[in-house]
2 protein chains.
Amino acid sequence: MGNQRLYKGTLQTIVLTLLEEKGKMYGYEITQKVKALTKGSLTITEGALYPTLHKLEAEGLLEVEVVRVDNRLRKYYTLTDQGSRETAHKLSEMEAFIETLQRIVNLKPA
Amino acid sequence: MGNQRLYKGTLQTIVLTLLEEKGKMYGYEITQKVKALTKGSLTITEGALYPTLHKLEAEGLLEVEVVRVDNRLRKYYTLTDQGSRETAHKLSEMEAFIETLQRIVNLKPA
DNA sequence: ATATATACCTAAGATTGTTAGGTATTACAA
DNA sequence: TTGTAATACCTAACAATCTTAGGTATATAT
């Protein structure tokens, strides 16, 4: 909770990174994973997640496989090759951005 | 350059923190300061900055003093007491958020 | 039975930032 | 002296992103 506002812009990177680590995940699993990883401090809403997954798929970064488990559908997403490259790219961008932010708020010298 | 998208949501915190450090600043100065601090990697657009300054002022976090320098106007902004408290709050939120992000992307255990 | 968890989805609205203008003064170079 | 860049403010249309608030359906526990 607190400042969910800061989270704007980071969702794609979060999703891609989790997929890179886990290999494949489905949407609901991602929401639960993030909740667990952050001890509840960050909640990914489904209204944000599902459109993001669809967009990443449309861009060719993700592939989908639909599986029926307990008579319910799961859509497992995996990274394409392009998705892996883009993940590495977005991750390094995020790391650079975090450093930038820290430099600004701590006023570290250039 | 790179991912300006990540920067969404952080502008208020950046502005407030710079003001806390510097005491008072005017808009144009803030854009230049951020450019310098980040060696050009983060550019605050005026279309984002000025509305943000006006909003923070409307919320009672900033005070304005108009000064004429070289026959040009400068609007110096300073933190109100409420602004100082809010700055501390937003800063700690940002630190927590950065930790959260790092935990997710590095998959650090909870 | 009923509520909660699982699992997907979308649409309206809000927030926030970009793009692309506008005004005006000062400083510097051609 | 004329034009361009820098300084210094501003706004409006658009775009991207997320929240809120629904919807559908099955499984599980009370």
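Chain letters run A, B, ... following the sequence lines, proteins first and then strands; every chain starts at 1.
Heavy atoms of B:G27 sit under 4.0 angstrom from primed sugar atoms or phosphate atoms, though from no base atom. Within 4.0 Å of A:E46, counting heavy atoms only, lies at least one base atom of the nucleic acid.
What separates NZ of B:K33 from C1' of D:dA6 is a distance of 19 Å, to the nearest Å. Rounded to whole Å, the distance from CZ on A:R68 to C1' on D:dT26 is 10 Å. Rounded to whole angstrom, the span from the CG atom of A:L49 across to the P atom of D:dA16 amounts to 19 Å. Here the P atom of nucleotide C:dC9 and the CD atom of A:E57 are 9 Å apart, to the nearest Å. Between A:E59 atom CD and D:dA16 atom P there is a gap of 11 Å when expressed in whole angstrom units. In this structure, CG of B:L6 is placed 14 Å from C1' of C:dT16, rounded to the nearest angstrom. Distance CD1 (A:I30) to P (C:dT6): 15 Å, rounded to an integer number of Å. One interatomic measurement links the two molecules: NZ of A:K35 to C1' of C:dA7, which rounds to 13 Å at whole-angstrom precision.
Taking 4.5 Å as the limit, every side-chain heavy atom of A:K22 sits out of range of all side-chain heavy atoms of A:L18. Contact annotation: the side chain of B:Q12 never approaches that of B:E86 to less than 4.5 Å [non-hydrogen atoms, C-beta and beyond].
Side-chain to base pairing of A:K8 with D:dT17: one donor and one acceptor N or O lie within less than 3.5 Å of each other.
Heavy-atom distances to DNA chain C give each of A:L73 and B:L11 a nearest nucleotide, and the one nearer the 5′ end belongs to A:L73. Comparing A:T10 and B:R72 along DNA chain D, the residue whose closest nucleotide (by nearest heavy atom) sits nearer the 5' end is B:R72. Heavy-atom distances to DNA chain C give each of B:A48 and A:Y77 a nearest nucleotide, and the one nearer the 5′ end belongs to A:Y77.
Residue B:T45 places at least one side-chain N or O closer than 4.0 Å to OP1 or OP2 of C:dT18. For C:dC9, neither phosphate oxygen OP1 nor OP2 lies less than 4.0 angstrom from any side-chain nitrogen or oxygen of A:Y50. Of the side-chain N and O atoms in A:K55, one or more sit less than 4.0 angstrom from OP1 or OP2 of D:dT17. Proximity of B:H54 to the phosphate of D:dT11: a side-chain N or O atom is located under 4.0 Å from OP1 or OP2. Between A:Y28 and C:dA5 there is no side-chain polar atom (N or O) within less than 4.0 angstrom of OP1 or OP2. Note on B:N71: every side-chain N or O is 4.0 Å or more away from OP1 and OP2 of C:dA24.
Using modelled atom types, no side-chain atom of B:T17 and backbone atom of A:V105 make a donor-acceptor pair closer than 3.5 Å.
Side-chain contact of B:N71 with B:R68: a donor-acceptor pair under 3.5 Å is present, judged by distance alone.
We find the CG-CG distance between A:L101 and A:N106 to be 10.0 Å, quoted to the nearest 0.5 Å.
Residues A:L56 and A:V15 approach most closely at CD1-CG1, 4.1 Å, considering heavy atoms.
Listed nucleotides C:dC8, D:dC18, C:dT18 differ in distance to A:K75; the shortest reach to its side chain belongs to C:dC8.
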